[in-house]
Structure formats: C-alpha cells, structure tokens
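Residue numbers count from 1 along this sequence. Atoms considered below: every heavy atom in the structure, side chains included; atoms not considered: hydrogens, waters and symmetry mates. Whatever order the structure lists them in is the order used to number ligands and atoms, beginning at 1.
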Amino acid sequence: MKVLTLDDFDLKSKFVFLRVDMNCPIDPETMEIIGTKRIEESTETLKSLKDARVVIASHQGRVGNKDYTGMDKHAKVLEKFMNKKIKYVEDVIGEAAQNAIKNLEDGDILLLDNLRLCAEENYEFTPENAAKTIMVSRLSKLFDLCVLDSFPSAHRTHPSIVGFSQVLPACAGRIVEKEVRNLDEIMTVAKAPHVIVLGGSKIPDRLEAIKLLIQNGRADHVLLTGLFANVFMRAQGRIKSSLGIKREDEVVAKAHALIGEYPDVFATPVDIAIDKDGERVEMDVREMGKGDKIYDLGPKTVEYYSKLISGAGTVFISGPAGFFEKENFSFGTKGLLNSVANSMATTIVSGGHLNSALKKQGLADKINHTSTAGGALVLYLTGEKLPMIQALEDAAIKYRSK
Ligand code: 3PG
C-alpha cells in the first residue's frame, strides 16, 4: 500500500489525533442520532489503538443545517459500542480541550466537540495553508501521530483532513485502509457497461462528479432516483412546480446542461408513488399534479432500471430511491438493491441508508464492496485522487525517506 497503516507504528502511550467521520443522520425533531453505522465502524480502529491516548475528532452536519449539533450524543453511542468510558469535552481547540488532552492516560479515549464549530474547519485549504491554521498549529503540538480514518470526508480539504499530516507522522485508520485496498482491487477488474444508480440529497456536490464519471468512461448509464430524479425531471420540464430545495435554479440548470450534453446517459422514472394522507398512490409521471412530491419509484421504473442493472459489468448504487424509512415507500429501494445484489456485475453500494437497508434484506454478503461514504466514494470512482489519500501518500513518502 502507498499509505502507512497502524501496523507501521508503535502505538503504546502515544498521543493520537484520530480524524473519523461520525456525521450521522439526525432526527430534526428530537436531535437524536437515527443511524449509528459510522460510529460503530470507528470501533475497529479504536481497538487497534487500545494502548494509546486517543483524541477523536469529527464533524456533524453543516453549520446552518438541521443536522448541525454537538457531539455529546455521539460519545454516548460510542460508549455503548466500545463498552467503556468515552471522555467528552465541549470544546475543540481551547483551554478545556487542551487540558483534557494533556490529562489522558494509556487506554483513554476523548471525543472533541463538533470540529465545524471552529470557523476554519468550514473552509477548503491547500495542505500547506491547512497546516498554518490555528486549529492545526495549536493542537498538533499535543500529538505524536495523526490517524486519518474519515473516508466519507476524504474529498474535503479541511484543516483536520489535510493539515495535521503536514506536521505529524500520519497513517490510515482501519476504515480508510479497508476502503483503499478493496476499491483499488475492484477498480482493476471493473468492466463496462458501468451503471450508476444515483439517489440521495447532496445534489450540487454530486452533479460535478457525475460529469467526471461520464467523461472518464465510468458511467454509461446513470439511473436517477430520489431527489436527483426530481431535479432532472424538473430540468426536462416534466415536473412543473418548484422542488423547494436549496440552490434550485442553479442545480436544475446544471442538470439541463448535462442532459443536453449526454442525452443517452440519463434514465428518469416513468412511474412513481406519491404520499396522499399517508397512503401510497402510484401514478405515471405524466399524471403528476402541481405540488405532487415523489416519495418512491413505481413498479415500471423498477423493472426498467433492473433490466439496465442486469446488463451491467459494474454497478454503483448511492442513496435511497425515496422515503424508504416509511415501509409503504421502500418498494423502489428494496427492488433496486435486490437487482444489484443478484446481478453478475461487480457491485458497490454506498451510503449508510442503503447499507442498513441491505442488511435488513439479508443481501449484504452478495455485494462486492459496501461503504458508508457518499460523495467521497463517487469522487473516488471518477479516478480523481482524494485529498485525504493524497495527504496520506505524501506523509508515507516523507516518513519512509527518513
Ligand atoms: C458525508 O456525509 O458525505 C461526509 O460526512 C461529508 O460531509 P460534508 O458533505 O458536509 O462535507
């Protein structure tokens, strides 16, 4: 591997800065965590660090969004998974955090508060400038090693992701190690046609990545579900009323340009289901009324998409096909996952929602690679080097040349 791993270091009694991604789905009413998969995943790395003094750093949500909150609840969930005390400090770089770090003993684990409460963590930097941030210069003095394990945010260039490795020895945690190893293997055997099934919500981020995927020959068919389907159908003029999403005009214009440039690549639903007073009502897309919101795919669309999936050499599916948490709107998500799992293609499933749905359906073993990452994985598949991976490779070169 081009990156160092935890096996390359003597970890006993070392102060370790561990960047993980505990960005979880949050119920906007109760502000409770409703999907704990990413927290559970981090335990593998923590077990390897059992003799060290570990400080965990993560973000949760984006400033101003409904899922932006402190990390106290994450500490409680982690405590259950680890079955041991997790210390928590309501601070990131101040005196309280620094004292809590200095007081750690062997085997202790401390979780810092949401990294994004520091303004710097909300900006993208070059690695050199990230190393000059107050966050990195203050905290790095307290650590012996930086472990980067937040694969879902590996496409970001925030100080916690690309800054610490400039000034500290750095290696991959178990999640990043596994992702890189599996994905590198898979990408060497991936065959055309490449089918991408795209749902989920972070539309502006993904539109750029879709273009790169098509340009790099990694997306022969893009099957749109969820909010993506809404955006593209609005761009086609098949949905008349506003979708009520952020930056709607901009994303719809981008979708319109993509359809114009690649007219044979995108597939949109032919039938859908809407929510009428809690009931599932199926209809042809042409019958949709003003204000009707798509909650799920209809059976004709699932059949149409499944045919394309069964003819694929490689399938990548990201994001649920609708409001799958509600049983009567889970038809599309279940149907597509079933087709992916039973196809002869090399298969990659991305995102926490789909992974828990896969598990529930007992299909997880039939998938070549599952990942809780979303946007980072999409970008990885375009063939672009992710900033976190680059940072780890640079750190490995530096370390090995000593
Ligand atoms: C994700 O969930 O995709 C990662 O945690 C990155 O979050 P971000 O898109 O808010 O940077």
re atom 2 (O) of ligand 1, the protein heavy-atom contact at minimum distance is Arg38 NH1, 3.0 Å
For atom 10 (O) of ligand 1, what's the nearest protein heavy-atom neighbour? Residue, atom name and distance, please. Arg62 NE, 2.8 Å
Looking at CD1 of Ile196 and CD1 of Ile210, how far apart are the two atoms once the value is rounded to the nearest 0.5 Å? 9.0 Å
Considering heavy atoms of the protein only, find what lies nearest to atom 5 (O) of ligand 1 and give residue, atom and distance to 0.1 Å. Asp21 OD2, 2.7 Å
Atom 11 (O) of ligand 1 sits nearest the protein heavy atom Arg156 NE, 2.6 Å
Geometry only, no angles: is Asp205 polar-contacting ligand 1 at N/O separations under 3.5 Å? no
Do Thr346 and Asn368 have side-chain N/O donor and acceptor atoms under 3.5 Å apart? no
Decide yes or no on salt bridge (charged side-chain N to carboxylate O under 4.0 Å, His left out) for Lys300 and Asp271, but give the supporting numbers first. CA-CA 6 Å; Lys300 286 189 204 139; Asp271 61 344; 5.1 Å; no
For Asn23, the ligand 1 atoms with a heavy-atom partner under 4.0 Å come out as 1 (C), 2 (O), 4 (C), 5 (O), 7 (O)
Close approach, Pro152 and ligand 1, non-hydrogen under 4.0 angstrom: yes
Contact check, Gln60 vs ligand 1, heavy-atom distance below 4.0 Å: no
How long is the straight-line distance from NZ of Lys334 back to NZ of Lys360, given to the nearest 0.5 Å? 8.0 Å
Here the ring pair (Phe, Tyr, Trp, His ring centres under 6.0 Å) pairs for residues 333-354, sequence neighbours left out, are Phe324-His353
For ligand 1, which part of Glu124 has a heavy atom less than 4.0 Å away: the side chain, the backbone, both, or neither? neither
Any side-chain donor-acceptor pair under 3.5 Å between His59 and Glu121? no
What atoms of ligand 1 come closer than 4.0 angstrom to any heavy atom of Arg116? 8 (P), 10 (O), 11 (O)
Would His158 count as being in polar contact with ligand 1, using the rule that some N or O on each side must be under 3.5 angstrom apart? no
Close side-chain approach of Ile294 and Pro269, heavy atoms under 4.5 Å: no
CZ-NE2 distance between Arg116 and His158, expressed to the nearest 0.5 angstrom: 5.5 Å
Return yes or no for this condition: an N or O of His59 is under 3.5 Å from an N or O of ligand 1. yes
Honestly, for Met22 the part within reach of ligand 1 (heavy atoms, under 4.0 Å) is neither
Could you check atom 1 (C) of ligand 1 against the protein and tell me its nearest heavy-atom contact, residue, atom and distance included? Lys202 NZ, 3.3 Å
Interatomic distance, OG@Ser339 vs CD@Glu303, rounded to 0.5 Å, equals 10.0 Å
Decide whether an N or O pair under 3.5 Å exists between Ser153 and ligand 1. no
Measure the spacing between OG of Ser165 and CG of Asp394 and express it to the nearest 0.5 Å. 7.5 Å
